[in-house]
Amino acid sequence: MQLADRAYRMGSETAFEVLARARKLEAEGKTIIHLQIGEPDFTTPKNICDAAIRSIQNGDTHYTPSAGTMELRKVIAEYVTKTRGVEFSPENVVVTPGGKPIMFFTILALIGKGDEVIYPNPGFPIYESMINVAGGTPVPLPLKEEDEFKVDIKQFERLITNRTKLVIINSPGNPTGKTIPQKDIEAMAEVLKDKDTYILSDEIYSRIIYDDAKPFSITKINGFKDRTIILDGFSKTYAMTGWRAGYGVMNTELVPIIAKLQTNSNSCTNTFVQKGCIEALTGPQDEVDKMVAEFKKRRDVMIEGLNTIKGFKCLKPDGAFYVFPSIKETGYKSKELADKLLYEAGVATLAGTSFGKFGEGYLRVSYANSVENIKKAIQKIKETI
Ligand code: PLP
């Protein structure tokens, strides 16, 4: 087949490919501990499921407007206003099937040939993929272990040119689990202040935070609200990955364009899913608190365990549900070790390079699994190493 050039430029997410390989091993009778997972292993809270079931029984089975129902957009605007401390209205919101389409649509809407996009590396692989698909130039911003995976502001400044059209930030970040401190976001904003640059602020993990981490949205800085597209959603916070529900918050000039991309692709987000989302944001939040407390417990078990493995060194993340240990001292390359652990130890992890070239020398290990399985996996890794 001869495909269009853009199809050859498209990347992917290794998590799906590793899951397929792990499932194949399981079908052959092997036991695999899944630490490659990018989703909470909890079930969606019952009140949210009930709201969606009621909705389908009440006949909410038709299209909604492309940008989402006004009822949900209103609830999202109120939630984002409260959590970010910045005033937004329903007209700033577009509801999408998952947070990912906001990435896809924003990059398609803003980026063309010759436009440069600065994005975190290691970072969520779809950023780089979509920049390439859109014909833009990906400009990786290296996040280094020696800086605790924080942004090196001097380096960031050096990467900016008069072709920089978009900067992507992700806090708390996948795969490092690190939150960008307020002072660093302010320093980035200072660099961008007089530039013609938009910001895609991926805040999908903003509710999964530990210790005294305080996610800070760049929209709070004077002049940045209208230049920023916030990406957030229900997948991680409410254990709703399979529902496909997310949203973008942006200026009202961009909203009709992003909604039009939705009209051109999905038409709208599933109608009864939107009803579940209203319940998620307006109903009790104690299930979220319980999930975060459990993740924190697992994080501590994971870090302590990994740091006892020869050649592993693991920093303490303050958000999301991933750790990103250095495996440089083991002598293995990332992909080589991830494969060895899958086939020999029966532990599925992701190579750091799945998150970009600056991920070499690391593994991404998810703790969306029980304490018991985490302990078992650590033992198996130790024996294999
Ligand atoms: N942004 C980041 C950093 C993620 O890790 C993910 C999912 O893994 C997403 C966005 C997309 O989430 P969703 O499942 O809502 O599309």
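Atoms within each ligand, like the ligands themselves, are counted from 1 in listed order. Only a predicted model underlies this, so the values are computations on that prediction, with no experimental measurement involved.
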Could you tell me whether [X] approaches ligand 1 through its side chain, its backbone, both or neither, with non-hydrogen atoms closer than 4.0 Å?
| X | value |
| --- | --- |
| Y127 | side chain |
| M103 | side chain |
| T241 | neither |
| Y205 | side chain |

For [atom], which protein heavy atom lies nearest, and how many Å away is it?
| atom | result |
| --- | --- |
| atom 2 (C) of ligand 1 | D202 OD2, 3.4 Å |
| atom 7 (C) of ligand 1 | K236 NZ, 2.8 Å |
| atom 14 (O) of ligand 1 | R244 NH1, 3.0 Å |

### Message
Any non-hydrogen side-chain atom of I230 less than 4.5 Å from a side-chain atom of S217?
### Response
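Counting from C-beta outward, I230 and S217 do come under 4.5 Å.
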#### Entry: L108-L231 co-clustered via ILVMFWY side chain contacts under 4.5 Å
yes
### Query
Has K225 got its NZ or CZ under 6.0 Å from the middle of the six-membered ring of F88, at an angle within 45 degrees of the ring axis?
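Yes; both conditions hold, so K225 lies above the ring face of F88.
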Under a 4.0 angstrom heavy-atom cut-off, which atoms of ligand 1 come close to [X]?
| X | result |
| --- | --- |
| S235 | 13 (P), 14 (O), 15 (O) |
| N174 | 3 (C), 5 (O) |
| G98 | 15 (O), 16 (O) |

## Note on the structure
Candidates T237, D232, I204; heavy atom nearest atom 12 (O) of ligand 1 found on I204
### Query
Can you find a side-chain donor-acceptor pair between K236 and Y205 that sits under 3.5 Å?
yes
### Query
Just checking, any donor-acceptor pair under 3.5 angstrom between side chains of N58 and S55?
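No.
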#### Entry: Charged N-O contact under 4.0 Å between D184 and K178
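Answer for the salt bridge query: no.
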### Task
For the residue pair F42 and F295, categorise the inter-ring angle as parallel (less than 30°), tilted (30 to 60°) or perpendicular (more than 60°).
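Rings of F42 and F295: perpendicular, as their planes differ by over 60°.
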So is there a nitrogen or oxygen of [X] less than 3.5 Å from a nitrogen or oxygen in ligand 1?
| X | result |
| --- | --- |
| G99 | yes |
| Y322 | no |
| N170 | no |

### Whether S334 side chain and Y362 backbone form a donor-acceptor pair below 3.5 Å
yes
### Aromatic ring proximity, centroids under 6.0 angstrom, F234 and Y247
yes
